[in-house]
Trainee: 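My questions will all concern the structure given below.
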Amino acid sequence: MAWLKVVDALKAPVGTTVTVKGWVRTRRDSKADGGLSFVAVHDGTCFDAMQTVCKGTLPNYADEIAKLTTHCAVEITGVASLTPKGGIELQVDPATGGSVTIHGLVDNPDAYPIQPKQHTMEFLREQAHLRVRTNTFGAVARVRSTLSMAIHRFFHERTFFYVHTPIITASDCEGAGQMFRVSTLDIANPPRVGAAPKEARSTSESTPSSPSSPPCYMGDIAPASPHADTPIDFSHDFFGKESHLTVSGQLNVETYCCALSRVYTFGPTFRAENSNTSRHLAEFWMIEPEIAFATLKEDADLAEEFIKYLVNAVLTERADDMKFFDERIEKGLLARLTHVLESPFRRLPYTEAIAILEAAIAGGKKFEFPIKWGADLQSEHERYLTEEHFKQPVILMNYPKDIKAFYMRLNDPGTDGAPGDTVAAMDVLVPGIGEIIGGSQREERLDVLDRRIAEMNLPAKEYWWYRDLRRYGTVPHAGFGLGFERLILFVTGMQNIRDVIPFPRAPKQAEF
RNA sequence: UCCCCGAUAGCUCAAUGGUAGAGCGAUCGGCUGUUAACCGAUAGGUUCUAGGUUCGAGUCCUAGUCGGGGAGCCA
C-alpha cells in the first residue's frame, strides 16, 4: 500500500492498492450493493478530486463515513479501478484491505462557511483561511506558484541573477507613491527637534514594558503636547533617519545591474495609496528586471518574451486549472491567451497613439476625458487602444517627459515626430487589465540626470549613490516592473486582485 | 479620496410603512454507480451599528461601519 498524492493516485494502475489523504469535497450515498457512499477527496495537488467508493460493510460506515461533510479530513485506502466513464477511482472494501480513517470532522456543518455550492468571491474573501479549499482558489494558488517558478526559470535560463533588494528603505528617493512609515519611536510622544532627548528609549534593546513606558491615551493621541508643532526628531529613530517600506526595488537593482549585467528582483512592495479598486493592493509582489548595455527596444523585447514565456508555462504546466478558468471564470480565456502567444505585441509611439485617439474621436468615439499630446492616457484610452483598436497587447513607447519619472532617459528632440520632449519609457497594455508593465531606458548621462533632478525639485543629495553609477563606468541600461498579481489576473481571468493573493492587504483590510 | 449601488437564515436573494419568505446548504427519511444528483419533511432570524420620524420601520430620514462597480493614483 502506497500513500500517493491525488495527482499521482489518479494515474495509478488498475488493481493497485492506494492510500490518499486529504479533505472531503462531496459525499453522496447509495443503497446499491447493500449500501455505499461516494466520497470525493482532494489534497490540492491537482484540480481533480479522487472519487472513493466506500462500502457499507466498512466497520465505521454508519458512525463515521455516512456522516462525512465537506472538508472533513480523511485518509482512505482502496483498490484503484475504472469508473464507468473510464477514470480512476478507489474501491474501499474491507474484504480487500480498504479502510477509512477520519482525522478531523467539521464541527457544526450547518454553519460551516464553505459549502458544496457556488459562493461569491466577496464572501470567500472574508473566509481567506478557508477559501483556498475551493476549486477556484486552489487553482489560483497553483497557478500563482507555477508562475513564480517560471519567472525564476525564465531569468535563470538567460543568465540573469536574482537580487534581494531591501524591504525597508531609509532613502526618500524611490518616488513611486505614498509610503508606509517604519519606526520604533513612541507614536504618542515622539522626540521633537530641539527638545532634550529622552534617554533609554533607544531603539534596539528597550524592554517591552519599561517603568518609564508612556501613558496610554484613549482616543486622540498626544493631547496638548507643548511640542506638537515642532518637527519630530528622527535622529532618535531606529535607523537615525526616517524610514519606510519600499515602493520599488529599481534604484537598488540598478546598482547590481551595473556590475552583474543582467539582474532581477522579485519581492513584496508596499504602497500606502488609498486606492480602492479591483487592480490595486497595499502589499503586492513585483518583478523588476534590469539589463545593462540595452536600450528601450531590448527592454520591450524582453518584456514581450517574458509575458509569452509565462503564458506558455501556465498553459502547459497547469492545463487542468486553466481549463477550469476557461469554463467557469472567463469564457474564451484559452483562446485569448493563445492569441497573445501567437501575435507580436504592437509597438506604438505615444505620439502615434494620440493621433489614433484623436482620429477615433473625429470618427465619433466618445471618451469621458479629453486627449491631447502631453497628457497622460486615461484608463479608457488605454483600453480603447488594446481592446478595440488593436485587439492585442500594445507596447506604448516614448512618452512626454513631463509626465514621467526623473530617471527615464531623455530622447533626442523630434523622436517619433513628437512636438515636445519625450523620454524612453514604455507601458505594456493588455486587454482586460490595462497597464501590466511599466518600464524605461534609464538616463545614463550624469549631466542630463542632474538637470532632470533639478527640474523636478528632487533632493539631489539623497541620490548620491545613484549618481555614482553615472560617474563610475556608466552604461546604457533599461528595465521594467511587472505587477505579479496583475499578471495572475491576466492569465486566470479573475476579476479582483484581492482574489489572486492569499491574504490581501488593502485600505481597511488586513484581516488574517 | 470622489461618484453610484448595496447590507435580511450558514450562502444567494424576496418581502405596498402593517404576521419574516424561497432556493441552495445542514439534519432526518426515501430513491439512486452517484458526481452542481433527485424526491419528501424538519430545524434555522437582535433584518450591519447608533440615533430619529411614526400608532406601527426590514422598508422612510441622519450619521457611521463594511462590501461592490466606476474614477483618480499606479504595478
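Basis for what follows: all heavy atoms, side chains included, without hydrogens, waters or symmetry-related copies.
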Trainee: Assess whether side-chain contact (heavy atoms from CB on, under 4.5 Å) is satisfied between A/R133 and A/I114, documenting all intermediate values.
Mentor: CA-CA 9 Å; A/R133 302 180 183 193; A/I114 312 293; 5.6 Å; no

Trainee: Does A/R131 reach a base, just sugar-phosphate, or nothing at all? Heavy atoms under 4.0 Å.
Mentor: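 The residue A/R131 makes no contact with any strand.
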
Trainee: Quick check, does A/Y112 stack with B/G10? I mean ring centres under 5.5 Å and planes off by under 30°.
Mentor: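 According to the criterion (under 5.5 Å, under 30°), no, A/Y112 does not stack.
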
Trainee: Determine whether a donor-acceptor pair (one donor, one acceptor, N or O, separation below 3.5 Å) exists between the side chain of A/Q495 and the base of B/G68.
Mentor: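 In this structure, the two groups form no donor-acceptor pair.
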
Trainee: Give a yes/no on whether any side-chain N or O of A/S278 is located under 4.0 angstrom from OP1 or OP2 of B/G70.
Mentor: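 For B/G70, OP1 or OP2 has a side-chain N or O of A/S278 closer than 4.0 Å.
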
Trainee: Verify the ring-centre separation between A/F503 and A/H129: is it less than 6.0 angstrom?
Mentor: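 Judged by ring-centre distance (under 6.0 Å), A/H129 and A/F503 do not meet the cut-off.
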
Trainee: B/A22 and B/U8: how far apart are their C1' atoms, nearest whole angstrom?
Mentor: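 It works out to 13 Å between them.
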
Trainee: Indicate, with a heavy-atom threshold strictly under 4.0 Å, whether A/D29 touches base, sugar-phosphate, or nothing.
Mentor: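 Here A/D29 touches the bases of the nucleic acid.
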
Trainee: May I have the distance from A/F306 (atom CZ) to B/A75 (atom P), rounded to whole angstrom?
Mentor: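 For the pair A/F306 CZ and B/A75 P, the rounded distance is 16 Å.
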
Trainee: Under 30°, 30 to 60°, or over 60°: which ring-plane class applies to A/F306 and A/F154, parallel, tilted or perpendicular?
Mentor: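 Geometry flag for A/F154 against A/F306: tilted rings.
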
Trainee: Heavy atoms only, 4.0 Å cut-off, all strands: where does A/F38 land among base, sugar-phosphate and nothing?
Mentor: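 Base contact.
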
Trainee: Could you check how far CD of A/E380 sits from C1' of B/G72, rounded to whole Å?
Mentor: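 Checked: the CD to C1' distance equals 12 Å.
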
Trainee: Looking only at atom C1', what distance separates B/G58 and B/A14, rounded to whole Å?
Mentor: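 That atom pair is separated by 12 Å.
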
Trainee: Return the orientation label for the A/H71 and A/Y112 ring planes: parallel under 30°, perpendicular over 60°, tilted otherwise.
Mentor: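 Judged by the thresholds at 30° and 60°, the geometry between A/H71 and A/Y112 is perpendicular.
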
Trainee: Is there, by distance only and without an angle test, a donor paired with an acceptor across the side chain of A/Q115 and the base of B/G10 below 3.5 Å?
Mentor: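 Side chain to base: pair found, below 3.5 Å.
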
Trainee: Classify A/K508 by what it touches in the nucleic acid, base, sugar-phosphate, or nothing, heavy-atom distance under 4.0 Å.
Mentor: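 Counting heavy atoms under 4.0 Å across all strands, the contact made by A/K508 is with sugar-phosphate only.
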
Trainee: Given the P atoms of B/A9 and B/A20, what is the spacing between them in whole Å?
Mentor: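 So the two P atoms sit 15 Å from each other.
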
Trainee: Searching all strands shown, indicate the nucleotide that pairs with B/G6 (Watson-Crick or G-U wobble; both distances under 3.5 Å).
Mentor: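 Check on B/G6: paired to B/C66, both distances under 3.5 Å.
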
Trainee: What orientation do A/Y399 and A/Y350 show, parallel under 30°, tilted 30 to 60°, or perpendicular over 60°?
Mentor: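 Tilted: the ring planes of A/Y399 and A/Y350 meet at 30° to 60°.
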
Trainee: Does A/R336 pair with A/E330 as a salt bridge, N-O distance under 4.0 Å?
Mentor: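 The answer is yes: the pair qualifies as a salt bridge.
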
Trainee: Provide, to the nearest angstrom, the distance between the CD atom belonging to A/Q127 and the C1' atom belonging to B/G10.
Mentor: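 Spelled out: CD on A/Q127 to C1' on B/G10 is 10 Å.
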
Trainee: B/G68, B/C73, B/C11: which one has an atom nearest the side-chain heavy atoms of A/E273?
Mentor: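 For the A/E273 side chain, the nearest candidate turns out to be B/C73.
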
Trainee: Output the single nucleotide from B/A37, B/A75, B/G33 whose closest atom is nearest the side chain of A/P84.
Mentor: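 Nucleotide nearest to A/P84's side chain: B/G33.
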
Trainee: Measuring only the P atom in each nucleotide, how far is B/G67 from B/U34? A whole number of Å is fine.
Mentor: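 It comes out at 44 Å once rounded to the nearest Å.
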
Trainee: On a plain distance test, is the side chain of A/R28 in donor-acceptor contact with the base of B/C38 below 3.5 Å?
Mentor: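 Counting by modelled atom types and ignoring angles, no donor-acceptor contact under 3.5 Å is found here.
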
Trainee: Does B/C60 have a Watson-Crick or wobble partner in any strand here, with both distances under 3.5 angstrom, and which is it?
Mentor: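 Pairing partner, where one exists within any strand: B/G52.
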
Trainee: Ignoring hydrogens and angles, does a donor from either the side chain of A/H119 or the base of B/C11 sit under 3.5 Å from an acceptor on the other?
Mentor: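 There is none.
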
Trainee: Enter the distance from A/Q91:CD to A/Q51:CD here, rounded to the nearest 0.5 Å.
Mentor: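 Rounded to the nearest 0.5 Å, the CD-CD separation comes out at 9.0 Å.
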
Trainee: Identify whether the distance between the nearest side-chain nitrogen and carboxylate oxygen of A/D301 and A/R347 falls below 4.0 Å.
Mentor: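 Looking at A/D301 and A/R347, the cut-off is met.
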
Trainee: Give me the distance, rounded to whole Å, that separates B/G6 from B/U59 when you measure between the C1' atoms they each carry.
Mentor: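 Roughly 15 Å separates the two C1' atoms.
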
Trainee: Can you find a donor-acceptor N/O pair under 3.5 angstrom joining the side chain of A/K31 to the base of B/C31?
Mentor: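 Result: no qualifying N/O pair found.
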
Trainee: When the P atoms of B/U65 and B/C74 are considered, how many whole Å apart are they?
Mentor: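 Taking atom P in both B/U65 and B/C74, they lie 27 Å apart.
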
Trainee: Closer than 4.0 angstrom, basic N to acidic O: yes or no for A/R383 and A/E380?
Mentor: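 A/E380 and A/R383: not salt-bridged.
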
Trainee: When you match A/E126 and A/P109 each to their closest nucleotide on RNA chain B, which lands nearer the 5' end?
Mentor: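 Result of the comparison: A/P109.
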
Trainee: From the set B/U32, B/A26, B/C74, return the single nucleotide nearest to any side-chain atom of A/H280.
Mentor: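 The answer is B/C74, which lies nearest to the side chain.
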
Trainee: What is the separation between atom CZ on A/F367 and atom P on B/A71, rounded to the nearest whole Å?
Mentor: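 Distance, rounded to whole Å: 13 Å.
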
Trainee: Of all the nucleotides listed (B/U1, B/C74, B/A71), which has the minimum atom distance to the side chain of A/F369?
Mentor: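 Nucleotide nearest to A/F369's side chain: B/A71.
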
Trainee: Would you classify A/L487 as touching base, sugar-phosphate or nothing, given that sugar-phosphate means primed atoms plus P, OP1 and OP2, and contacts are heavy atoms under 4.0 Å?
Mentor: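 Result for A/L487 = nothing.
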
Trainee: Tell me the partner of B/A14, counting only Watson-Crick (N1-N3 plus N6-O4 or O6-N4) or G-U wobble (N1-O2 and O6-N3) with both under 3.5 Å; none if nothing fits.
Mentor: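 No nucleotide pairs with B/A14.
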
Trainee: How do A/L36 and A/T120 order along RNA chain B: which one's closest nucleotide is nearer the 5' end?
Mentor: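 In this pair, the answer is A/T120.
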
Trainee: Tell me if the centroids of the rings in A/F155 and A/F161 come within less than 6.0 Å of each other.
Mentor: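 No - the distance between ring centres of A/F155 and A/F161 does not fall below the 6.0 Å cut-off.
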
Trainee: Determine whether any donor atom in the side chain of A/S275 lies under 3.5 Å from an acceptor atom in the base of B/C73, or the reverse, and answer yes or no.
Mentor: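 Side chain to base: pair found, below 3.5 Å.
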
Trainee: Is the closest basic N to carboxylate O distance between A/D320 and A/R318 below 4.0 Å?
Mentor: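 A/R318 and A/D320: salt-bridged.
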
Trainee: Expressed as a whole number of angstroms, how long is the span from A/D427:CG to B/C73:C1'?
Mentor: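 Interatomic distance, CG of A/D427 to C1' of B/C73: 14 Å.
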
Trainee: Both distances under 3.5 Å, Watson-Crick or G-U wobble: report the partner of B/A71, or none.
Mentor: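 Pair assignment: B/A71 / B/U1.
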
Trainee: Expressed as a whole number of angstroms, how long is the span from A/Q378:CD to B/G72:C1'?
Mentor: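 About 8 Å, once rounded to whole Å.
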
Trainee: Describe the nucleic acid contact of A/T70 in one word from base, sugar-phosphate, nothing, applying a heavy-atom distance below 4.0 Å.
Mentor: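 Since no nucleic acid heavy atom lies under 4.0 Å of A/T70, the category is nothing.
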
Trainee: Need one value for A/A32: base, sugar-phosphate or nothing, where a base atom within 4.0 Å counts as base even if backbone is also close, heavy atoms only.
Mentor: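 Result for A/A32 = sugar-phosphate.
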
Trainee: Taking only the P atom of each, what is the distance from B/C5 to B/C60 in whole angstrom?
Mentor: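 Roughly 13 Å separates the two P atoms.
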
Trainee: Looking at the rings of A/F270 and A/F284, which for Trp means the six-membered one, are their centres under 6.0 Å apart?
Mentor: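 Centroid separation for A/F270 and A/F284: 6.0 Å or greater.
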
Trainee: Nearest to the side chain of A/R125 - B/G72, B/G67, B/U12?
Mentor: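 So the side chain of A/R125 is nearest to B/G67.
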
Trainee: Can you find a donor-acceptor pair, distance only, under 3.5 Å between A/N276 side chain and B/U1 base?
Mentor: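 Yes, a donor-acceptor pair under 3.5 Å.
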
Trainee: What residues in residues 46-62 of chain A put a non-hydrogen atom under 4.0 Å from any atom of RNA chain B?
Mentor: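 Within this stretch, A/Q51, A/V53 sit under 4.0 Å of the strand.
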
Trainee: Go through the N and O atoms of the side chain of A/D110 and the base of B/G25, and report whether any donor-acceptor pair is under 3.5 Å.
Mentor: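 When only heavy-atom distances are counted, A/D110 does reach the base of B/G25 through a donor-acceptor pair under 3.5 Å.
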
Trainee: Expressed as a whole number of angstroms, how long is the span from A/E122:CD to B/G69:P?
Mentor: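 So the two atoms are 6 Å apart, to the nearest Å.
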
Trainee: Using atom CZ of A/F490 as one end and atom P of B/A75 as the other, report the distance to the nearest whole Å.
Mentor: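 Taking atom P of B/A75 as the reference, CZ of A/F490 is at 18 Å.
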
Trainee: Just N and O in the side chain of A/R27: are any of them under 4.0 Å from OP1 or OP2 of B/A26?
Mentor: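 It does not, given that no N or O in the side chain of A/R27 lies less than 4.0 Å from OP1 or OP2 of B/A26.
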
Trainee: For a quick check of understanding: with a heavy-atom distance under 4.0 Å over all strands, which category does A/T69 fall into, base, sugar-phosphate or nothing?
Mentor: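 If one applies the 4.0 Å heavy-atom cut-off, A/T69 turns out to touch the sugar-phosphate alone, with no base involved.
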
Trainee: With P as the reference atom in both, quote the distance from B/U16 to B/U32 in angstrom, rounded to an integer.
Mentor: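 The answer is 44 Å between these two P atoms.
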
Trainee: Counting side-chain heavy atoms from C-beta on, which of B/C73, B/U12, B/G68 comes nearest to A/R498?
Mentor: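 For the A/R498 side chain, the nearest candidate turns out to be B/G68.
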
Trainee: When all nucleic acid strands are considered with a 4.0 Å heavy-atom cut-off, which category describes A/E89: base, sugar-phosphate, or nothing?
Mentor: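 Answer is base: heavy atoms of A/E89 come under 4.0 Å of a base.
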
Trainee: By the 4.0 Å heavy-atom rule, please label A/E283 as base, sugar-phosphate, or nothing.
Mentor: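 Contact class for A/E283: none.
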
